[in-house]
Amino acid sequence: MSAKKENRIRAPRGTSDYLPERAASILWLDRLAGEVFSNYGYQRIITPTFEDTALFTRSIGEASDIVRKEMYTFEDRGGRSLTLRPEATAPVVRAFIEHNLGSQSLPVKLYYFSNMFRYERPQAGRFREFWQLGVEALGSPEPSLDAEVITLAADFLRALDIREGLMKIGSMGDENCRPQYTLILQKYLEEKRDSFCPDCGERLKFNPLRVFDCKNPECQKALGDAPKMIDHLCDECRDHFDGVRRLLKEVEIEFSIDPMLVRGFDYYTRTTFEIQSSQLGAQNALGGGGRYDRLVSDYGGKPTPAVGFALGIERLLAALKAEENVDLSAPRKIDVFLIVIDSEHRDQAFKLAIELRRIGLSAEVDYMNRSTRSQMKLADKMGAEYALILGPDEMARGEVVLRNLSTGEERPEKLSLVADKLGKIKGFE
RNA sequence: GUGGUUGUAGCUCAGUUGGUUAGAGCGCUGGACUGUGGCUCCGGAGGCCGGGGGUUCGAAUCCCCUCAGCCACCCCA
């Protein structure tokens with residue numbers, strides 16, 4: 001037990017053990033997501049934990065921070081370069097192409113709930129292993145699909161009773177209007193270069209849109225009258241964006257237009273969105289997503305427009321906790337606790353416990369040779385509804401005592417019939 | 001990767017200007033109640049004071065290094 005602390009192995013940095021209480025919260029979210037998402041027609045997909053490294057370098061963007069310094073990349077014994085998934089859109093798209101899911105009726109609507117890995121310095125709401133819940137809808141360019149996905153995200157937050165989520169939406173344009181806009185922006189930024197911080201000086205060279213993300217107040221001020229993508233959309237993109245906004249209003253989703261919204265992946269086109277929470281600290285995004293019309297064809301699939309989003313599970317839990325709207329720490333309750341008075345009846349208690357469990361009741365027994373009194377205390381602490389007492393006198397008559405722990409009422413029952421009886425009381429059989 | 005801050009029992013924390021066997025509450029456990037819980041009372045287990053090195057007669061307390069947590073930058077879920 002007392003291994004020297006220096007030698008003790010701990011969970012790796014940025015990871016954590018989800019002990020029963022927290023694990024239960026995660027599973028609860030998973031189950032709730034399953035309910036809400038299936039109403040919207042999304043089906044669960046599970047992809048591998050690791051993928052060919054090239055899958056991510058190509059989709060996320062060579063220049064992005066995630067690819068440059070945040071991936072868990074390793075070589076396996078066969079010399080393949082593999083990477084623990086930092087996000088799930090690329091794997092889902094890969095699976096979509098690999099299994100020719102595009103030949104089904106479109107759109108194909110999938111959701112996932114899985115762990116992601118990013119080599120980052122841990123911080124509030126940011127970990128090296130974390131969980132994401134997300135959807136991908138592939139096959140339609142219609143604004144209604146964007147609106148559906150955004151509504152689904154908002155409805156899920158509503159189902160969780162998270163009220164502080166702020167929906168922000170924007171548009172990145174497409175291959176027609178974005179390159180032109182980028183040039184206009186770059187030119188503007190170059191002219192006002194001295195007003196920006198050194199970081200932004202770098203950004204404007206390889207990814208000028210990123211300048212919008214800077215938190216430096218000086219930079220934000222200088223950006224005030226910078227040209228915005230949403231003012232330079234081509235006609236098609238403008239119509240699309242208008243369509244998304246109109247539909248969101250139809251279904252009463254509250255949102256604001258954020259002309260400065262920039263997301264971290266290079267593959268987005270047209271609609272992007274992000275849900276921010278004031279409860280979260282610096283890492284304030286509960287989730288986000290957008291449209292990626294080029295990704296499937298970039299991977300060699302048939303051109304397939306698509307849209308999706310991801311929510312951060314740990315951040316949802318943090319927001320839930322901060323808002324205190326939901327009690328995630330419901331105490332465990334059991335149906336029956338079996339109390340052994342004479343240790344010669346332990347085997348019978350063991351058998352009876354299993355019999356009760358097999359008919360669907362939760363039953364517990366003492367494993368520590370506790371006194372009767374201590375067993376009663378345990379039963380109480382576990383929130384047991386009944387205590388089943390195996391006393392030598394009753395056992396000699398083939399009976400046990402059934403005690404209702406909330407009323408204190410107790411009476412003898414035939415040992416051979418007590419399981420059936422409890423099953424009936426609890427509504428089984 | 002950079003900066004700030006913290007690190008004492010399972011948990012939340014005390015620990016006085018460095019001074020003998022390191023404390024509390026909760027939790028765990030035994031008992032008071034020899035076959036019966038929730039309250040109360042009494043007892044017990046559990047810490048090389050994150051780890052390593054140094055200063056000192058003496059370090060949980062001072063110094064250095066390291067690891068980890070937290071917070072921020074960066075970036076994003």
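Chain naming here is simple, since letters A, B, ... match the order of the sequence lines and numbering starts at 1 in each.
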Please enumerate all protein N or O atoms sitting under 3.5 Å from an N or O of nucleotides 25-28 of chain B, with distances to 0.1 Å.
unit_1, atom_1, unit_2, atom_2, d
B:rC28, OP1, A:Lys381, NZ, 2.8

Protein-nucleotide distance (A:Asp366, atom CG; B:rG37, atom P), rounded to Å
15 Å
Return yes when atom CZ of A:Phe350 has more than 12 non-hydrogen atoms of other residues, nucleotides or ligands closer than 6.0 Å, and no otherwise.
no
Residues from residues 395-412 of chain A sitting under 4.0 Å of RNA chain B, heavy atoms only?
A:Arg403, A:Leu405, A:Gly408, A:Glu410
Which part of the nucleic acid, if any, lies within reach of A:Glu394 when heavy atoms closer than 4.0 Å are counted: base, sugar-phosphate only, or nothing?
base
At 4.0 Å (heavy atoms only), tell me whether A:Asp342 reaches a base, stays on the sugar-phosphate, or touches nothing.
nothing
Measuring only the P atom in each nucleotide, how far is B:rU36 from B:rG50? A whole number of Å is fine.
45 Å
Distance in angstrom units between A:Tyr119 OH and B:rU2 P, rounded
10 Å
Has A:Arg128 got its NZ or CZ under 6.0 Å from the middle of the six-membered ring of A:Tyr119, at an angle within 45 degrees of the ring axis?
yes
Would the number of heavy atoms belonging to other residues, nucleotides or ligands and lying under 6.0 Å from CD of A:Glu254 be above 12?
no
Output for pair (A:Glu190 CD, A:Leu185 CG), nearest 0.5 Å, gives 10.0 Å
For A:Ile9 and B:rG51, give me the distance from atom CD1 to atom P, rounded to whole Å.
17 Å
Could you state the CZ-P distance from A:Arg373 to B:rC41, rounded to the nearest angstrom?
14 Å
Nearest-Å distance, CE (A:Met376) to P (B:rU29)?
16 Å
Using distance alone, with no hydrogens and no angle criterion, decide if A:Tyr181 and A:Asp231 have a side-chain donor and acceptor under 3.5 Å apart.
no
Distance between P atoms of B:rG18 and B:rG3 (Å, rounded):
30 Å
Is the backbone N or O of A:Ala226 less than 3.5 Å from a side-chain atom of A:Lys228, with the two atoms forming a donor-acceptor pair by type?
yes
Could you write nucleotides 68-77 of chain B as a row of B, S and -, 5' to 3', where a protein heavy atom under 4.0 Å of any base atom gives B, of only sugar-phosphate atoms gives S, and otherwise -?
SS-SBBBBBB
Run the side-chain donor-acceptor check on residues 40-47 of chain A: report pairs under 3.5 Å with partners two or more places apart or on a different chain.
unit_1, atom_1, unit_2, atom_2, d
A:Tyr40, OH, A:Asp155, OD2, 2.4
A:Tyr42, OH, A:Glu148, OE2, 2.8
A:Arg44, NH1, A:Asp30, OD1, 3.1
A:Arg44, NH2, A:Phe113, O, 3.4

How many angstroms lie between CG in A:Asp146 and NE2 in A:His240, if you round to the nearest 0.5 Å?
4.0 Å
Can you measure from CG (A:Asp52) to CG (A:Leu82) and round to the nearest 0.5 angstrom?
7.0 Å
P atoms of B:rU66 and B:rC11, separation to the nearest Å
26 Å
Same-atom distance (C1') from B:rC75 to B:rC67, integer angstrom:
24 Å
Can you check the distance between B:rU8 and B:rC48, where both ends of the measurement are the P atom (answer in whole Å)?
12 Å
Can you tell me if A:Arg178 uses its side chain to pair, donor with acceptor, with the backbone of A:Met172 under 3.5 Å?
yes
Please evaluate residues A:Glu129 and A:Tyr72 with respect to the criterion side-chain hydrogen bond (donor to acceptor under 3.5 Å, both in side chains), reporting the C-alpha separation (whole Å), side-chain torsions for both, the decisive distance (0.1 Å), and the verdict.
CA-CA 10 Å; A:Glu129 180 183 20; A:Tyr72 275 97; over 6 Å; no
Rounded distance in Å between the P positions of B:rU55 and B:rU12
35 Å
Report all side-chain donor-acceptor pairs from residues 131-142 of chain A shorter than 3.5 Å, counting only partners two or more places apart or in another chain.
unit_1, atom_1, unit_2, atom_2, d
A:Glu136, OE1, A:Tyr292, OH, 2.4
A:Glu136, OE2, A:Thr89, OG1, 2.8
A:Ser140, OG, A:Glu142, N, 3.0

Just the rounded figure in Å: distance from P of B:rG37 to CD1 of A:Ile389.
10 Å
A:Ser256 versus A:Asp258, side-chain donor and acceptor atoms under 3.5 Å:
no
Please state the C1' separation for the pair B:rU20 and B:rU61 - nearest whole angstrom.
16 Å
Rounded to whole Å, how long is the line connecting atom NZ of A:Lys377 with atom P of B:rG37?
8 Å
If you measure from CD on A:Glu314 to CZ on A:Arg22, what distance do you get to the nearest 0.5 Å?
6.0 Å
Short side-chain to backbone donor-acceptor contact, A:Arg118 and A:Pro86, under 3.5 Å:
yes
List RNA chain B stems (3 or more consecutive Watson-Crick/G-U pairs, under 3.5 Å)?
B:1-7 with B:67-73, B:10-13 with B:23-26, B:28-32 with B:40-44, B:50-54 with B:62-66
Expressed in angstrom and rounded to an integer, what is the separation of A:Gln375 atom CD from B:rG37 atom C1'?
12 Å
Rounding to the closest angstrom, what is the interatomic distance between B:rG58 and B:rU17 at atom C1'?
16 Å
Ignoring backbone atoms, establish whether A:Ser374 has a side-chain N or O less than 4.0 Å from OP1 or OP2 of B:rG30.
yes
